[in-house]
Amino acid sequence: MQTLIQDQDIPWTDIEPGIQRKIMAHNDLMMLVKVSFKKDAIGSLHHHPHTQASFVSKGKFEVNIAGLKKILQAGDVYFVPSQEIHGVICLEEGELIDVFNPSREDFL
């Protein structure tokens with residue numbers, strides 16, 4: 001497990017049109033993922049057993065958690081309880097920093 005990680009050493013992976021991600025760090029209990037969005041890209045509604053906290057590091061997003069929608073921008077955070085349906089629409093090119101507990105094995 002790496003403990004000192006440089007962004008430049010991790011390649012982007014295309015996951016959906018206009019969306020890329022980098023798995024920055026993980027162990028069995030936690031995962032940190034950087035997700036880049038082009039304007040108008042959609043992070044489709046979905047759910048998973050993991051608890052998720054997301055930091056908006058750049059841009060502006062419409063975030064939908066269980067039907068509650070709010071516009072969040074750089075500096076804002078959202079929290080997704082386990083199994084809650086959620087998704088985003090990127091309103092201005094942006095980036096999210098997602099933290100999952102436990103780690104998302106489906107991303108590896």
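Atom set for the values below is all heavy atoms of this structure, side chains included, hydrogens, waters and symmetry mates excluded.
With a 6.0 Å radius and a threshold of 12 heavy atoms from other residues, nucleotides or ligands, Leu45 has its CG atom above the threshold. Remark: Glu105 CD is loosely packed, at most 12 non-hydrogen atoms of other residues, nucleotides or ligands lying under 6.0 Å away. No more than 12 heavy atoms of other residues, nucleotides or ligands sit less than 6.0 Å from atom NE2 of His47. Within 6.0 Å of the NZ atom in Lys22, the count of heavy atoms belonging to other residues, nucleotides or ligands exceeds 12. When the shell of 6.0 Å around CG of Asp28 is examined, it contains 12 or fewer heavy atoms from other residues, nucleotides or ligands.
A single hydrophobic cluster is seen to contain both Met31 and Ile15, as judged by linkage of ILVMFWY side chains at heavy-atom distances under 4.5 Å, directly or through other members. Note on Ile71 and Phe55: separate hydrophobic clusters, where clusters join Ile, Leu, Val, Met, Phe, Trp and Tyr whose side-chain heavy atoms are under 4.5 Å apart, directly or indirectly. Leu29 and Phe79 fall into different hydrophobic clusters, where Ile, Leu, Val, Met, Phe, Trp and Tyr residues are linked whenever their side-chain heavy atoms come under 4.5 Å apart, directly or through other members. Using a 4.5 Å cut-off between side-chain heavy atoms of Ile, Leu, Val, Met, Phe, Trp and Tyr, with links allowed through other members, Trp12 and Ile5 fall into different hydrophobic clusters. Tracing side-chain contacts under 4.5 Å through hydrophobic residues (I, L, V, M, F, W, Y), one never reaches Val77 starting from Leu68; they form parts of separate clusters.
Nearest approach of Gly18 to Ala41, heavy atoms of both residues: O-CB, 3.6 Å. In plain terms, the two heavy atoms of Gly43 and Phe37 that are nearest each other are N-CE2, 4.2 Å. Listed here is the closest heavy atom pair of Tyr78 and Gln52: OH-NE2, 4.0 Å. Shortest non-hydrogen contact noted between Ala74 and Ser57 is CB-O, 3.9 Å.
Here the side chains of Pro49 and Gln83 are in contact, with some heavy-atom distance below 4.5 Å. The closest side-chain heavy-atom distance from His50 to His48 is below 4.5 Å. Inter-residue side-chain proximity for Glu95 and Lys34 is flagged as met; some heavy-atom pair is nearer than 4.5 Å. A heavy-atom distance below 4.5 Å is found between the side chains of Leu96 and Val56. Counting heavy atoms from C-beta on, the side chains of Lys70 and Leu72 come closer than 4.5 Å. Within the 4.5 Å cutoff, the side chain of Arg104 has no heavy atoms near those of the Val33 side chain. Side-chain contact between Ile23 and Ile10 is absent, with no heavy-atom pair separated by less than 4.5 Å.
Taking the six-membered ring where the residue is Trp, the centroids of Phe107 and Phe100 are separated by under 6.0 Å.
Taking CZ from Phe61 and CG from Asn64, the interatomic distance works out to 14.5 Å, rounded to the nearest 0.5 Å. Taking CD from Glu62 and CD1 from Ile89, the interatomic distance works out to 4.5 Å, rounded to the nearest 0.5 Å. Between the SG atom of Cys90 and the CG atom of Asp40 there is a distance of 7.5 Å, given to the nearest 0.5 Å. Atom CD in Glu84 sits 11.0 Å away from atom OG1 in Thr51 (nearest 0.5 Å). Between the CE atom of Met24 and the CG atom of Asp7 there is a distance of 4.5 Å, given to the nearest 0.5 Å.
In summary, the side chains of His86 and His46 do present a donor paired with an acceptor at a separation below 3.5 Å, with no hydrogens or angles considered.
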Original post:
Going through the checks in order, is the side chain to side chain donor-acceptor pair (under 3.5 Å) test met by Ser54 and Asp98?
Top reply: CA-CA 4 Å; Ser54 295; Asp98 295 337; 2.5 Å; yes

